[in-house]
Amino acid sequence: MITIWSTAQPKLVSETFGRMLKGFRPNVPKHQFHLYKEDAEPPVVPTGEVCLVAGAKPLAVLQKAGLAPKGRTITSLREKPLKSPNNGSFLMTFDPHSIANDPPNYDILLCDLRLADRLQRTGSTEVLAGNCKWVPNFSELIEGIASDYAQTGKPVDVTVDTETMGFYPWYPDRDIVSISFTHKRGEAHVLYLGDLPGAEKVVEPQNGSVWDQVNWLLTSDRVKIRAANGKYDMIWIAEKWGIECTNFSMDTMLVGSLLDENRSNSLNLHAKLFTPYGGYDDAFNQTQDKGAMEKIPPEKLLPYAGGDTIAAQDVADTLKADLLHDDDLTRFYVTILHPAARAFEKVERRGLVIDKEKFEVLGDDLRKTIKQTQDVALGLLPQKMRIKYKDRIEDQIAQGKNPLLPSILQEFFFTPHGLNLKPYEVTPKLKNGQPVPSMKKSHLRQFEHVPTAKAMVAALTELDAASKTLSTFVEGFLKHLRPDMRLHPTYFLAHGDFDGYDDDAGTVTGRLSAKDPAIQTVPKKTKWAKRLRECFPSPPKKKLLSCDFSQGELKVVACVANEKTMLKAYEDGLDLHALTGAQMAQVDIKEFLSWKDHPHDKELAAAFEKHRGNAKPCNFGLLYGMSAEGFQKYAWASYNIMLSIEEATEMRNAFFTLYPGLLGYHDDMRKLVKTFKMVRTPLGRIRHLPTIDSWDRQARSSAERQAINSPIQGCLTDMMIWAIALLEDAYPGGELEIVAMIHDALIAYIPEGEEQLWAQRVTDVMSSLPFDKVGWKPQLKFTADAEAGPDLAHMSKIKLVA
DNA sequence: CGGATCACGCAC
DNA sequence: AGCGTACGTGATCCTT
């Protein structure tokens, strides 16, 4: 019996712990709730039973009774059982009330409940270990699967996991160290492929019977493969053994992230939340270098290599049951997300060709520019400051670093040692109780009426742009160049804690992110953008093709908000960014549009592009809840237009008067999120926003803005990944090679001379997504634009037939 | 000195 | 008083 002792009202207790206990099915532990009463004695906990002490008040009772050490926090007492007078155990956890203000606490409480269950059943908090064994082949496993299949006639769930030499398969001398399969609960069959002695010796899987067995397991329609972050394993298996898995049906990372994108999803966390194996790999993670699996003695590797599939098999059962509670989310996973993840295996394997020599020449030019602009900027420092910081400056230069440190520049701009300017903007954090002036260029540019400031800002702008380009995009990107002379960025289709990265990766909205390198941030509009993009050529006899949804985000808004003016504008072919651009340039829209293709005046055409481009973030700002004050700030920082608050309010009002449906959409989202604590994209993906109930007003309104933004942002990305999945499916022949995705755009290699054909084919798929499969009827057609060229700097528009 | 945090700049 | 979502880098803070 588990006794849950808390101050919370019965309703909250049963909502919180009841939901958690359901997750234990079919083995829901016997439990009872014990209400906290002031001055009452602690509950009686007999031998072998456990009491979960939830919150500071019951803990204080234990402390008063001498049953818990005094002066300690719940955090420090968690996970360590204390003896009860009757030989039972007390386990500490947080108060269920705390979840409302700090939603991640839910997971901590659930972990503690799992721990209480384990303690109650096994008498110890020790991790339950599964049965892992080295096998010379998978004959026994396959027999077991065959026997299950014979009994049920249904495909059998099997979980797979690999351990590998490092994280990247693009190196010929790196290989798979082990592969594990779990078919029966709690049992892993692990094949060791490393060089170290100690494991059962196997026939090399490259050819022969073991390869046939792995191939069967990953392609048979009698098997349904599951994995945690399976994209990783599938890429290794395909690269090293040439096996293309055809029966991969469920990924616990993807499903776990769909069910709760806010938590730090990982197999480790899922195991703690949903299985008795929670923490099975904690000791391994602390003691072993996971970057070199091949050096780990087999006896140490076995419980980890096998533990992953044992845990994942159990995790998958729970997550699948959870997912199936939501029809829309299930459909979204099966129809869109899972196929997209499979498509990204191919995208990542292809990689992007780069021109290394061009990168190096660019690097040299950048270093020259950095040197020159550094000298200019240093020359603008007053002599006193140059003397004061002489050592520091020389030291930085000697190390090849920037001598114009933020601390020096702050002193230059904002103290009497320098220009003594009064900052308009400060950083969010105080330093020594003092506000710190912002050193953003957009802030510093506001002082251009002071000649020295103007000169310094100009030099710093040049310098920092060159430094950023060099460090992040030249040197930084080249660090990720693989032996095939390609970049292979990793895409994240889930949010969580992935092996090999320090922090969480992926997004909460459903957007993808990419790492190693961050291909989605390659500059497009900066001074060096063209030079940089020239370093991304197409391979021989191929051309680059880039297709994006035209004004996709605004069109999604128009549809989900059912905003009549926007819908009408799009039906009439009007450009909403231009509309706002005209407003910002304070020009009549008709005249503004006439600038666009002005036959004689190229400057007007350039001005059109500039204002339209600057209008974009402004549109998006207002769209997603920017205030009049924010709008005012934006106009000043980006346009040097000083608007009074009345004028800013007026322009903001004009925007919402033009599009009255938007305010309705904002209101709808605010109401929805308040009621359901979540919002949903039209394709079924959910954004959970539990902080809508926070006591903190700022947190609440932040959740409101996220509720407004996420369905839009998520929807457009989901359309793009769906298109990529459909394209990989429709054109498997290798002529179309999708190599990157940048939110609402895809980049592919196509055969030279067939630009028109492939532009048409790709945009046709993008603009005719089968929305009926997920029950959405958008009012607009999502058209796509296409560009092609020899490299990313020279892309020209392709005319398409609608 | 190494890790954590902050500020910034880049993309959409 | 607040548009949103990311990743990578360098400076600085913080702690041992």
Side-chain angles (χ1 to χ4, degrees), chain A residues 261 392 396 399-402 404-410 425-432 436-444 460-461 464-465 467-473 475-477 479-480 489-492 495 501-526 528-529 532-533 548-549 551-553 557 616-634 652 655 662 666 687 696-714 716-717 720 740-745:
Chain A
E261 72 287 358
R392 192 88 199 276
Q396 286 289 109
Q399 289 183 53
K401 291 184 181 172
N402 182 8
L404 292 134
L405 295 162
S407 49
I408 297 177
L409 290 170
Q410 258 156 18
E425 289 177 31
V426 293
T427 61
K429 297 273 168 183
L430 299 176
K431 212 154 88 182
N432 305 324
V436 183
S438 164
M439 297 301 288
K440 283 186 292 201
K441 295 292 173 299
S442 62
H443 178 220
L444 297 182
L460 290 177
T461 303
D464 291 350
S467 301
K468 167 94 178 166
T469 310
L470 179 65
S471 64
T472 302
F473 298 111
E475 291 172 345
F477 269 42
K479 279 181 205 155
H480 302 291
T490 301
Y491 287 85
F492 295 101
H495 178 256
Y501 299 101
D502 294 338
D503 296 313
D504 279 5
T507 74
V508 288
T509 56
R511 269 195 167 178
L512 304 199
S513 69
K515 255 185 170 174
D516 296 349
I519 195 70
Q520 293 167 316
T521 63
V522 177
K524 203 171 189 179
K525 291 167 206 153
T526 66
W528 298 94
L532 197 59
R533 286 187 167 237
D548 68 330
F549 285 110
Q551 299 195 40
E553 208 160 323
V557 172
K616 272 190 183 183
C618 186
N619 263 345
F620 291 127
L622 292 175
L623 207 54
Y624 295 134
M626 187 193 263
S627 63
E629 288 80 2
F631 185 76
Q632 183 188 27
K633 251 184 162 175
Y634 176 79
R652 186 174 176 276
F655 181 88
L662 288 185
H666 285 193
R687 172 83 176 100
D696 180 358
R697 197 184 141 83
Q698 204 173 321
R700 283 202 307 274
S701 51
S702 175
E704 286 180 355
R705 290 194 301 277
Q706 287 165 353
I708 291 165
N709 171 281
S710 294
I712 312 299
Q713 206 180 76
L716 190 65
T717 302
M720 195 70 234
M741 171 180 147
I742 301 167
H743 304 308
D744 70 339

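To the nearest 0.5 Å, atoms OG1 (A:Thr521) and NZ (A:Lys468) are separated by 6.5 Å. Note that CG of A:Asp516 and OH of A:Tyr501 are 4.0 Å apart. Values are rounded to the nearest 0.5 Å. Taken to the nearest 0.5 Å, the CG atom of A:Leu409 stands 8.0 Å off from the CG atom of A:Leu444. Atoms CD and OG, on A:Gln410 and A:Ser438 in that order, are 9.0 Å from each other to the nearest 0.5 Å.
Distance CD (A:Gln713) to P (B:dC12): 13 Å, rounded to an integer number of Å. Computed from coordinates, the A:Lys468 NZ to B:dC8 P distance equals 13 Å when rounded to whole Å. Rounded to whole Å, atom C1' of B:dC12 lies 10 Å from atom OH of A:Tyr624. If you take CE of A:Met741 and P of B:dA11, they are 17 Å apart, rounded to a whole angstrom. Atom NZ in A:Lys429 sits roughly 14 Å away from atom P in B:dC8 (whole-Å rounding). Per the geometry, OH belonging to A:Tyr501 stands 21 Å off C1' belonging to B:dA4, to the nearest Å. Spacing between atom CG of A:Asn619 and atom P of B:dC12 amounts to 16 Å, rounded to whole angstrom units.
Closest non-hydrogen pair, A:Arg392 versus A:Ser407, comes out as NH1-OG, 4.0 Å. Here the closest heavy-atom approach between residue A:Arg533 and residue A:Val522 is recorded as NH2-O, 3.0 Å. The shortest heavy-atom contact between A:Leu622 and A:His666 is O-CE1, 3.8 Å. Closest approach of A:Leu532 to A:Pro523, counting heavy atoms only: CD2-CD, 3.4 Å. Taking each heavy atom of A:Val436 and A:Lys431 in turn, the nearest pair found is CG2-CB, 3.5 Å. Nearest heavy-atom pair, A:Glu553 versus A:Arg511, reported as atom, atom and distance to 0.1 Å: OE1-NH2, 4.1 Å.
Set against B:dC8, B:dC10, B:dC12, the side chain of A:Thr526 has B:dC10 as its closest nucleotide.
Contact annotation for A:Arg652: no contact, since no heavy-atom pair falls under 4.0 Å across all strands. At a threshold of 4.0 angstrom between heavy atoms, the contacts of A:Ser467 with the nucleic acid are absent. Across all strands, A:Ala465 comes closer than 4.0 Å to no nucleic acid atom at all (heavy-atom distances). A:Ser513 comes within 4.0 angstrom of sugar-phosphate atoms only, judged by non-hydrogen atoms across all strands, and of no base. Residue A:Thr717 is classed as having no contact, given no heavy-atom separation below 4.0 Å to the nucleic acid. As judged by a 4.0 angstrom heavy-atom cut-off over every strand, A:Glu704 is placed among residues making no nucleic acid contact. At a threshold of 4.0 angstrom between heavy atoms, the contacts of A:Ser710 with the nucleic acid are absent. Nucleic acid contact for A:Asp548: none, since no nucleic acid atom lies under 4.0 Å from a heavy atom of the residue.
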Assess the residue pair A:Phe620 and A:Asn709 against the criterion (side-chain contact (heavy atoms from CB on, under 4.5 Å)); give the C-alpha distance rounded to whole Å, side-chain angles, the decisive distance to 0.1 Å, and a yes or no. CA-CA 9 Å; A:Phe620 291 127; A:Asn709 171 281; over 6 Å; no

Would A:Ile742 and A:Asp548 satisfy side-chain contact (heavy atoms from CB on, under 4.5 Å), going step by step from the backbone distance to the final call? CA-CA 9 Å; A:Ile742 301 167; A:Asp548 68 330; over 6 Å; no

Using the rule given for side-chain contact (heavy atoms from CB on, under 4.5 Å), can you reason through A:Leu716 versus A:His743, listing the C-alpha separation, both sets of side-chain angles and the distance that settles it, and then say yes or no? CA-CA 8 Å; A:Leu716 190 65; A:His743 304 308; over 6 Å; no

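In this structure, A:Lys441 reaches the B:dG9 phosphate: one of its side-chain N or O atoms is under 4.0 Å from OP1 or OP2.
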Secondary structure string for DNA chain B (Watson-Crick or G-U under 3.5 angstrom, | for other-strand pairs): .||||||||.||

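Mapping A:Gln706 and A:Ala628 onto DNA chain C by nearest heavy atom places A:Ala628 closer to the 5' end of the strand.
For the C1' atoms, the distance linking C:dA11 with B:dC1 amounts to 15 Å, nearest Å.
Less than 4.0 Å separates DNA chain B from no heavy atom of any residue of residues 503-510 of chain A.
On the nucleic acid side, DNA chain C contacts chain A at distances under 4.0 Å to non-hydrogen atoms, with the end points of that region at C:dA1 to C:dC13.
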